[in-house]
Amino acid sequence: MTDPATEAFVAHRNLLFTVAYEILGSAADAEDVLQETWLRWVKVDLDQVRDQRAYLIRITTRQSLNRLRTMKRRKEAYVGRWLPEPLLTAPDAAEDADLAESVSMAMMLVLETLSPNERAVFVLREVFEVDYDEIAEAIGKSPATVRQIAHRARQHVEARRPRKAVSPVERRAALAAFQHAVETNDLRALMDVLAPDVVVVSDGGGRKLAAPQPIVGAEKAIRFFVGSMRKVGGTLSTEATTINGGPALLFRLDGVLDGVAALRIEDSRVTGIYYVRNPEKLSRVESETPLTLR
């Protein structure tokens, strides 16, 4: 027979993982946070807990903020550009607009520009709709201060978030066009599907070839991809998939996973490509990670 503490933790585990992942951008660190949350949760007197979901989110947030300080040092020593760890998500995750936007690679990169407290407050308030008093307890600030932080973070994110959502049909069509152009090395087709101001951010972690800075513009993006494919050699194949709630391609070299490119699509064209090749970040792109906002 399962004890009440375990039942509550298991019932909210996917939610807690999503909270930690959105604050941290790393699935591996989010899993560590969940372990730390569990160790603290089993010591809690459940008779004194009014709202188990809120209490668990509070513990998870505190542990995530602690973990962010450690991650800051790692990112400062990271070789090249740092991208969030990509996650294979269920195809229907893209149909949940709120979830898909909140975990999209584009949004996760925007969250990276916030301070730790701003990121935690924004995620808890705007994504998970936690009330200000609960957030205040989670981060150790007054409700008034939390409201100020939330306002500042909201303004920052609104100025940088993707312009608008696209329909599933538009998303699938753009992904198919991009995949076909890459597989056939059709430069004209690539030019047609990429927005003129497309941005490519690549992450090799010092282990794989990647551009040290973002690449801006369709022509430069095409040169980068064509050059990368020529340098790796071997037989390259692609597979359409859903990464972080959005369209993406898995790249395999001679049948071995080599990287994943998550796409941002607007007005039927690819406006952002987030290309992760660091092997340490590819452990969750072939097995599904369940995410939830509830």
Side-chain angles (χ1 to χ4, degrees), residues 2 4-38 40-42 44 46 49-65 67-68 84-112 114 119-132 134-135 137-139 150 153 157 161-162 165 168 171 241-248 260 262 281 283-294:
T2 306
T6 302
E7 286 182 356
F9 186 83
V10 170
H12 295 295
R13 190 188 187 286
N14 291 345
L15 169 67
L16 301 178
F17 177 87
T18 308
V19 170
Y21 175 72
E22 291 203 24
I23 293 176
L24 299 170
S26 164
D29 286 279
E31 290 288 1
D32 287 343
V33 162
L34 258 61
Q35 288 294 319
E36 293 159 3
T37 298
W38 165 250
R40 284 158 178 76
W41 174 244
V42 293
V44 172
L46 296 188
V49 177
R50 177 177 54 83
D51 185 334
Q52 293 182 345
R53 175 184 183 273
Y55 200 100
L56 281 164
I57 288 177
R58 187 188 313 162
I59 299 175
T60 300
T61 300
R62 287 174 178 169
Q63 298 310 309
S64 296
L65 286 172
R67 178 66 54 138
L68 271 179
E85 186 176 351
L87 306 178
L88 175 68
T89 48
D92 60 3
E95 311 305 320
D96 185 336
D98 291 336
L99 175 61
E101 183 193 27
S102 70
V103 298
S104 71
M105 294 294 273
M107 178 58 77
M108 296 291 283
L109 273 183
V110 172
L111 295 180
E112 284 294 317
L114 299 174
R119 183 166 184 165
V121 170
F122 181 86
V123 167
L124 293 179
R125 181 61 188 168
E126 300 298 319
V127 180
F128 297 96
E129 299 180 342
V130 177
D131 65 50
Y132 290 110
E134 286 291 345
I135 298 173
E137 288 193 45
I139 71 170
V157 171
R161 76 195 314 163
R171 188 166 53 240
T241 188
T242 303
I243 294 293
N244 286 57
V260 59
K281 291 186 177 182
S283 64
R284 287 179 175 256
V285 299
E286 294 187 285
S287 58
E288 187 180 309
T289 297
L291 301 174
T292 182
L293 301 184
R294 300 164 187 86

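The figures here come from the full heavy-atom set of this structure, side chains too, leaving out hydrogens, waters and symmetry mates.
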A.B. asks: Step by step, work out the salt bridge (charged side-chain N to carboxylate O under 4.0 Å, His left out) result for Arg294 and Glu129.
C.D. replies: CA-CA 10 Å; Arg294 300 164 187 86; Glu129 299 180 342; over 6 Å; no
A.B. asks: Could you report the tightest heavy-atom contact between Gly245 and Thr89, atom names first, then the distance?
C.D. replies: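 Between these two residues, the closest heavy atoms are N-OG1, 2.8 Å.
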A.B. asks: Run Trp38 and Phe9 through ring-ring contact (aromatic ring centres under 6.0 Å, His included) and show every step you take.
C.D. replies: CA-CA 7 Å; Trp38 165 250; Phe9 186 83; 5.2 Å; yes
A.B. asks: Give a yes or no on whether the backbone of Leu99 and the side-chain of Ser102 come within a donor-acceptor separation of less than 3.5 Å.
C.D. replies: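 Yes; judged by distance alone, with no hydrogens or angles, the pair exists.
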A.B. asks: For Phe17, run the side-chain contact (heavy atoms from CB on, under 4.5 Å) check against Thr289, Thr292, Val33 and tell me which one passes.
C.D. replies: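 It is Thr289; the other options fail the test.
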A.B. asks: Just wondering, do Thr241 and Val285 contact through their side chains at under 4.5 Å, heavy atoms?
C.D. replies: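 No, their side chains stay 4.5 Å or more apart.
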A.B. asks: Determine whether Val157 and Met107 satisfy the following criterion, side chain to side chain contact (heavy atoms under 4.5 Å, CB included), listing intermediate values before the conclusion.
C.D. replies: CA-CA 8 Å; Val157 171; Met107 178 58 77; 3.9 Å; yes
A.B. asks: Distance-only, no hydrogens or angles: does the Asn14 side chain make a donor-acceptor pair with backbone N or O of Leu291 under 3.5 Å?
C.D. replies: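 Flag not set: sc Asn14 to bb Leu291 has no pair under 3.5 Å.
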A.B. asks: Of all heavy-atom pairs between Ala5 and Leu46, which one has the smallest distance, and what is that distance?
C.D. replies: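 In terms of heavy atoms, the two residues are closest at N-CD1, 3.6 Å.
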A.B. asks: Is there a side-chain contact between Ile57 and Thr60, using heavy atoms and a 4.5 Å cut-off?
C.D. replies: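 Counting from C-beta outward, Ile57 and Thr60 never come under 4.5 Å.
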A.B. asks: With no hydrogens and no angle check, is any side-chain donor or acceptor of Arg62 less than 3.5 Å from a backbone partner on Glu137?
C.D. replies: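 Here the side-chain-to-backbone pair exists.
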A.B. asks: Between Leu56 and Leu15, does the side chain to side chain contact (heavy atoms under 4.5 Å, CB included) criterion hold? Intermediate values first, please.
C.D. replies: CA-CA 10 Å; Leu56 281 164; Leu15 169 67; over 6 Å; no
A.B. asks: When you look at Arg67 and Ser26, which way does the side chain to side chain contact (heavy atoms under 4.5 Å, CB included) test go after all the steps?
C.D. replies: CA-CA 10 Å; Arg67 178 66 54 138; Ser26 164; over 6 Å; no
A.B. asks: On the ring face of Tyr132, is Arg125 found with NZ or CZ under 6.0 Å from the centre and within 45° of the axis?
C.D. replies: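 Yes, a cation-pi geometry holds between Arg125 and Tyr132.
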A.B. asks: Using 0.5 Å steps for rounding, measure from the CG atom of Leu124 to the OG1 atom of Thr61.
C.D. replies: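 Answer rounded to 0.5 Å: 4.0 Å.
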A.B. asks: If you define the side chain from C-beta out and look only at heavy atoms, does anything of Gln52 sit under 4.5 Å from Trp41?
C.D. replies: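 Gln52 vs Trp41: side chains touch.
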A.B. asks: Cation-pi check, Arg119 to Phe122: give yes when NZ or CZ is under 6.0 Å from the six-membered ring centre and within 45° of the ring axis, no otherwise.
C.D. replies: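 Judged by the rule, Arg119 and Phe122 form no cation-pi pair.
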A.B. asks: Please report the shortest heavy-atom distance between Met108 and Tyr21, naming the atom on each side.
C.D. replies: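 Nearest pair, atom of Met108 first, then Tyr21: CE-O, 3.3 Å.
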A.B. asks: If you define the side chain from C-beta out and look only at heavy atoms, does anything of Phe128 sit under 4.5 Å from Glu22?
C.D. replies: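 Side chain of Phe128 against side chain of Glu22, heavy atoms only: contact under 4.5 Å found.
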A.B. asks: Apply side chain to side chain contact (heavy atoms under 4.5 Å, CB included) to residues Ile243 and Leu87 and explain how you reach the verdict.
C.D. replies: CA-CA 5 Å; Ile243 294 293; Leu87 306 178; 5.8 Å; no
A.B. asks: Treating Asn244 as the side-chain partner and Met105 as the backbone partner, does any N or O pair qualify as donor plus acceptor under 3.5 Å?
C.D. replies: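 Not a single qualifying donor-acceptor pair exists.
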A.B. asks: Compare every heavy atom of Ser64 with every heavy atom of Leu24, then report the nearest pair and how far apart it is.
C.D. replies: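 Heavy atoms of Leu24 and Ser64 come nearest at CD2-O, 3.4 Å.
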A.B. asks: Where is the tightest heavy-atom contact between Leu34 and Ala20, given as atom of each residue plus distance?
C.D. replies: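 In terms of heavy atoms, the two residues are closest at CD1-CB, 4.4 Å.
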A.B. asks: Can Arg53 and Glu134 be counted as an ion pair, charged N to O under 4.0 angstrom?
C.D. replies: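 Looking at Arg53 and Glu134, the cut-off is not met.
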A.B. asks: Can you give me the closest heavy-atom contact between Glu288 and Ala90, atom names plus distance?
C.D. replies: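 Smallest heavy-atom distance, with atoms named: OE2-CB, 3.4 Å.
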